[in-house]
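Step one of this worksheet: look at the structure below.
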Number of protein chains: 2
Amino acid sequence: MDESQVIDALGALAQETRLRILRFLVTKGSDGASAGEIGEAVDAASSRASFHLSTLANAGLVTAERKSRHIIYRVNFDAVGGMIGYLINDCCGNHQAVIACCQIPGKC
Amino acid sequence: MDESQVIDALGALAQETRLRILRFLVTKGSDGASAGEIGEAVDAASSRASFHLSTLANAGLVTAERKSRHIIYRVNFDAVGGMIGYLINDCCGNHQAVIACCQIPGKC
DNA sequence: TCAACGTTTCAAGTATTATTGAAATAATGG
DNA sequence: CCATTATTTCAATAATACTTGAAACGTTGA
């Protein structure tokens, strides 16, 4: 994951609706959810949910797969992990205070 | 760290110059660096560096301390860790693929 | 094929953010 | 106190992003 990919991913998550979408999709795991279900869950019109989902997909943070009339969106956990790994390893030089937050759940 | 703080922090880092500033300040550790030195390091005019530094400071990611004619900026490692911890714990539900990136350096 | 459903695209308006250079502020040494 | 240095603020412009509703698209079942 290079710098510009990380910037895209950070920008994609720096928005209330999209952060909520990610949280919701995480709870759905590999089942994923359709755009309509997602829009309802985060209280957004379908066009708005679609817009934000395509932003997340462009940033690589979610995947889309058509299933009949629905399009199922899922979190791309590797991409989320890659972004976080970049922040920890490349950007923060594995600084102790940063690593502690990952190794001790609830610390930060 | 609550949702809106995390969104501010993510937005602050979702910009090339500011991400570079963070990386540079990480290498400086507790010594920190002045706005002029930072601007030179990231190839930005002083007014631009100042603007981005205040954005980072507003998001809590850096601290500012006047030392004689200079103002020394330092990374707030706790804030960076807090943001990352939020993503891992609250947002991603400690999903294995995400955690792996923190525990195995170089994995992602 | 046609109607219905879920989803995406589009256009217009609004808002936020980035950039630049100039002016203003703050602190120090002479 | 004044000149110098470091930094911030300001104003104007440009670019990017958000929201909304309507229209268009693709898929399915009748």
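Protein chains get the first letters and strands the later ones, always in sequence-line order, with residue 1 at the start of each. All figures in this text were calculated on a predicted structure; none of them were measured in a lab.
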Which heavy atom of [X] sits nearest a heavy atom of [Y], and at what distance?
{"X": "B:A14", "Y": "A:G11", "result": "CB-N, 3.3 Å"}
{"X": "A:G82", "Y": "A:M1", "result": "C-SD, 3.4 Å"}
{"X": "A:G93", "Y": "B:V26", "result": "N-CG1, 4.2 Å"}
{"X": "B:N76", "Y": "B:G60", "result": "ND2-O, 3.1 Å"}

By salt bridge (charged side-chain N to carboxylate O under 4.0 Å, His left out) - contacts of B:R74 (at least two apart):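 With sequence neighbours excluded, B:R74 shows a salt bridge (charged side-chain N to carboxylate O under 4.0 Å, His left out) to B:E65, given in chain and number order.
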Member of A:L53, A:V75, A:L13, A:L61 meeting the side-chain contact (heavy atoms from CB on, under 4.5 Å) criterion with A:I21: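 Output: one option passes, namely A:L53.
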Listing time: all N or O pairs from protein to nucleotides 15-19 of chain D that are below 3.5 Å?
{"residue": "D:dC18", "atom": "OP1", "partner": "A:R18", "partner atom": "NH1", "Å": "3.1"}
{"residue": "D:dC18", "atom": "OP1", "partner": "A:R18", "partner atom": "NH2", "Å": "2.8"}
{"residue": "D:dC18", "atom": "OP2", "partner": "A:R18", "partner atom": "NH1", "Å": "3.4"}
{"residue": "D:dT19", "atom": "OP2", "partner": "A:H52", "partner atom": "NE2", "Å": "2.7"}

Within residues 67-76 of chain A: residues closer than 4.0 Å to DNA chain C (heavy atoms):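 By residue number: A:R69, A:H70, A:I71, A:Y73.
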DNA chain C-proximal residues of residues 31-43 of chain A, any heavy atom under 4.0 Å: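 Contacts with DNA chain C under 4.0 Å: A:S34, A:A35, A:G36.
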Pairs meeting criterion side-chain hydrogen bond (donor to acceptor under 3.5 Å, both in side chains) with involvement of residues 1-14 of chain B, two or more places apart: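 Listed once each, the pairs are B:D2-B:S4.
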Residue pairs involving residues 45-61 of chain B (criterion side-chain hydrogen bond (donor to acceptor under 3.5 Å, both in side chains); sequence neighbours excluded):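 Of all non-adjacent pairs touching residues 45-61 of chain B, those that pass side-chain hydrogen bond (donor to acceptor under 3.5 Å, both in side chains) are B:R18-B:H52.
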Residues forming a side chain to side chain contact (heavy atoms under 4.5 Å, CB included) with B:A57, sequence neighbours excluded: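 For B:A57, the residues satisfying side chain to side chain contact (heavy atoms under 4.5 Å, CB included) (neighbours in sequence not counted) are B:V62.
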With B:H95 via ring-ring contact (aromatic ring centres under 6.0 Å, His included) - residues at least two apart: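 Only A:F77 meet the ring-ring contact (aromatic ring centres under 6.0 Å, His included) criterion with B:H95.
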Cluster check B:F51, B:L22: I/L/V/M/F/W/Y, side chain < 4.5 angstrom: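 Different clusters.
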First and last nucleotide of DNA chain C, 5' to 3', lying under 4.0 Å from heavy atoms of chain B: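 The footprint of chain B covers C:dA18 to C:dG29.
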Going by atom type alone, with no hydrogens or angles, which donor-acceptor pairs under 3.5 Å involve a side-chain atom of residues 28-40 of chain A and a protein atom two or more places apart or on another chain?
{"residue": "A:K28", "atom": "NZ", "partner": "A:E37", "partner atom": "OE2", "Å": "2.9"}
{"residue": "A:S34", "atom": "OG", "partner": "A:E37", "partner atom": "N", "Å": "3.3"}

